[in-house]
Amino acid sequence: MSIKAIRGMKDVMGTEVARWRLIEAVARKVFRAFGFSELRTPILEKTELFARSIGQATDIVEKEMYTFRDRSGDSLTLRPEATASVVRSYLEHKIHRRPGPHKFFTIGPMFRHERPQKGRLRQFHQLDAEVLGDPGPQVDAELMVMLTQLLQALELDNVELVINSLGCPVCRPDYRRALVGFFQDRTDQLCDDCRRRLEVNPLRVLDCKSEGCRAAAADAPATIDYLCADCADHYQEVKRLLELSSVAFREDPRLVRGLDYYVRTTFEAIAGDLGAQNAVAGGGRYDPLVAELGGEANGAIGFAAGIERLSLVMGAEPPTDRPELFVAALGDQARDWVFPLVAELRSAGLWVEMTSQDKSLKAQMRRANKLAADAVLILGRSELDAGRAIIKQMADGSQQEIELSQLGRAVRLLKRD
RNA sequence: GUGGCUAUAGCUCAGGCCGGUUAGAGCGCCAGGUUGUGGCCCUGGAGGCCGUGGGUUCAAGUCCCACUAGCCACCCCA
């Protein structure tokens, strides 16, 4: 084997595909109930879109994007996340001119050039939901209710919804000043990275995992204590609605997000048994992004959930499928007799299996058993001569003889559903 | 990008420290044990460039180096 899949990119196959399909089916059902419509955007976008939206100083843009020049010299990037594309599409098609709010979901691959590990791949897949055109707190709550329902339907136990408010352009500068002031008195306790972060993005110091930084941050000022009146009201209302809907959540004043465009409500769903990459879903409000990309800032919020990570921790099991019928034909004559019948049954929607080689009946029975077929149709020399075939129920081993002329009708009854 | 561990049959893994005939097991696969009947059991069989490349040695799956990939952690995030 010389050519292999490239690093961090995996073939999804077998039972894993069944799990993905279940996740997607459940997600579509939940999204539908909340009025989200599907949007499929291209995987490639102009690099500028992500540079402007995600934030020039973020790790994603600085070192994780798959960026290259195409044949006409344009700088293109494989999307590292979905939000920017959804907003781009929303503005490009002037959807904001239509009555809103507008609710979209999209499902597909994202690309980030990171070092792979558990729950982290270079091509990974997300379920993404976005609401555009509504600045109010009710959507925030609705979105989290939706996420909660999704996680429940997939039977993720040991997940926790964590929420916070990051403030807005009005109050965040005050908070930022307070935070920098606080840490400046204890830079000796911070790790090297955090000393750098203090300059670039002081909020990130809060979720550093190193021991010293955690200790130093223990009494750090919290964003929620510095919220302006509008942000505080917004946050209170979100929490009130969550409580009204009995959605369990934990407030974490340290929850900050890695992308620059977030304001006010932010949230993450944390899975207990996922190791270091423990966020199965994350999102928040990003009102300023729409304006940044040239539209009117009239409210935007969304979240993304990682399909690979959901699959790792969900309790729900996909149903296993199996053939309704296995055809054991013995000899060329019998095979030719059933061949058109098999095609006809398949056209009626039954899953019918049949071996292509001339194998012993025993071998064919073993195969039927392996496939967990409901029934086996046995047809050989003596059945053809007698004008009757045998149908054996695999569950209890019972057999019955059926007139060849009645076979099609009899076998059709095997169809499930 | 950094560090640690790992790479042997389709799968899960022994063998490695202490180099030496034909590299093993379980599961899976194929066949037989019924003349035309699955699961359990028994017997037999197929299947390995021991990740790739280089080095040490009379001799390398085993020791050394590099590379690649995987896992775990850092980082980052879904």
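In what follows, every heavy atom counts, from backbone to side chain, and hydrogens, waters and symmetry copies are set aside.
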Check whether more than 12 heavy atoms from other residues, nucleotides or ligands sit under 6.0 Å from atom CZ of A:Arg32, and answer yes or no. no
Work out how far the C1' atom of B:C58 is from that of B:C63, and round it to whole angstrom. 16 Å
How many whole angstroms separate atom CE of A:Met13 from atom C1' of B:G10? 11 Å
Any donor-acceptor pair under 3.5 Å joining the side chain of A:Arg115 to the base of B:G70? no
Flag for A:Glu45-A:Ser85: side-chain donor and acceptor within less than 3.5 Å: yes
Just checking, is any N or O donor in the side chain of A:Glu16 or A:Ser311 under 3.5 Å from an acceptor N or O on the other one? yes
Distance-only polar pair, side chains of A:Thr77 and A:Thr67, donor-acceptor under 3.5 Å: yes
Using only heavy-atom distances, determine whether the side chains of A:His234 and A:Asp140 contain a donor-acceptor pair under 3.5 Å. yes
Using the C1' atom as the point on both nucleotides, what is the distance between B:G28 and B:G39, in whole Å? 15 Å
Touch class at under 4.0 angstrom, heavy-atom based, for A:Leu121 against every strand present: base
For A:Ile378, report the nucleic acid contact type (base, sugar-phosphate, nothing); a contact means any heavy atom under 4.0 Å. base
Just wondering, more than 12 heavy atoms not from A:Phe339 lying within 6.0 Å of its CZ? no
May I ask you to verify whether the side chain of A:Arg120 and the base of B:C71 hold a donor-acceptor pair under 3.5 Å? no
Below the 4.0 Å mark, does B:U37 have OP1 or OP2 next to a side-chain nitrogen or oxygen of A:Arg366? no
State, yes or no, whether a side-chain contact exists between A:His113 and A:Met65 at a heavy-atom distance under 4.5 Å. no
Partner lookup for B:U21, please. Criteria are Watson-Crick or G-U wobble with both distances under 3.5 angstrom; report none if nothing qualifies. none
A:Lys359 vs B:A31: side-chain N/O to OP1/OP2 distance below 4.0 Å: yes
Provide, to the nearest angstrom, the distance between the CD atom belonging to A:Glu308 and the P atom belonging to B:C71. 12 Å
Sugar-phosphate, base or nothing in reach of A:Ala269, heavy atoms under 4.0 Å: nothing
By the Watson-Crick or G-U definition, both distances under 3.5 Å, B:U43 is matched with B:A31
When all nucleic acid strands are considered with a 4.0 Å heavy-atom cut-off, which category describes A:Gly283: base, sugar-phosphate, or nothing? nothing
In A:Glu130, A:Arg28, A:His102, A:Met146, the residue satisfying side chain to side chain contact (heavy atoms under 4.5 Å, CB included) with A:Phe36 is A:Met146
side-chain N/O A:Lys370 vs B:C29 OP1/OP2, d < 4.0 Å: yes
Considering Watson-Crick and G-U wobble pairs with both distances under 3.5 Å, what does B:A59 pair with? none
Could you identify the nucleotide paired to B:G16, looking across every strand shown and requiring Watson-Crick or G-U wobble geometry with both distances under 3.5 Å? none
B:C65 versus B:A7 - spacing of their P atoms, nearest Å: 15 Å
A:Glu64 near the nucleic acid: base, sugar-phosphate alone, or nothing, with a heavy-atom cut-off under 4.0 Å? sugar-phosphate
Rounded to whole angstrom units, what separation is found between the CZ atom of A:Phe124 and the P atom of B:C76? 16 Å
To the nearest angstrom, the CG-C1' distance between A:Leu330 and B:U37 comes to 10 Å
When all nucleic acid strands are considered with a 4.0 Å heavy-atom cut-off, which category describes A:Leu310: base, sugar-phosphate, or nothing? nothing
Within the structure shown, what part of the strands sits under 4.0 Å from A:Arg309 by heavy-atom distance: base, sugar-phosphate, or nothing? base
From the candidates B:A78, B:G32, B:G70, the one with an atom nearest any side-chain atom of A:Arg7 is B:G70
Give me the distance, rounded to whole Å, that separates B:G20 from B:G61 when you measure between the C1' atoms they each carry. 13 Å
Please report the distance separating the C1' of B:A9 from the corresponding atom of B:A46, rounded so that it comes out in whole Å. 11 Å
Using the C1' atoms only, state how far B:U22 lies from B:U37, rounded to an integer number of Å. 40 Å
Taking any strand in view, what nucleotide pairs with B:C71 in a Watson-Crick or G-U wobble way, both distances under 3.5 Å? B:G4
For A:Gln357, answer base if it contacts any base atom (sugar-phosphate contacts may also be present), sugar-phosphate if it contacts only those atoms, and nothing otherwise; contact means non-hydrogen atoms under 4.0 Å. nothing
Sort out the partner of B:C50 for me: Watson-Crick or G-U wobble, both distances under 3.5 Å, none otherwise. none
For A:Gly331, answer base if it contacts any base atom (sugar-phosphate contacts may also be present), sugar-phosphate if it contacts only those atoms, and nothing otherwise; contact means non-hydrogen atoms under 4.0 Å. nothing
Scan A:Ala368 against the nucleic acid and name what it touches under 4.0 Å (heavy atoms): base, sugar-phosphate only, or nothing. nothing
Indicate, with a heavy-atom threshold strictly under 4.0 Å, whether A:Arg367 touches base, sugar-phosphate, or nothing. nothing
Is there, by distance only and without an angle test, a donor paired with an acceptor across the side chain of A:Lys362 and the base of B:G33 below 3.5 Å? yes
Would you say B:C71 has OP1 or OP2 under 4.0 Å from some side-chain N or O of A:Gln117? no
Side-chain donor or acceptor of A:Gln399 under 3.5 Å from a matching atom on the base of B:U37? yes
Taking B:A73 as the reference, what is the distance to B:G10 when you measure between their P atoms (whole Å, please)? 29 Å
Roughly how many Å apart are B:G1 and B:U62, using the P atom of each and rounding to a whole number? 28 Å
Give A:Lys63 one of three labels, base, sugar-phosphate or nothing, depending on what nucleic acid heavy atoms sit under 4.0 Å from its own. nothing
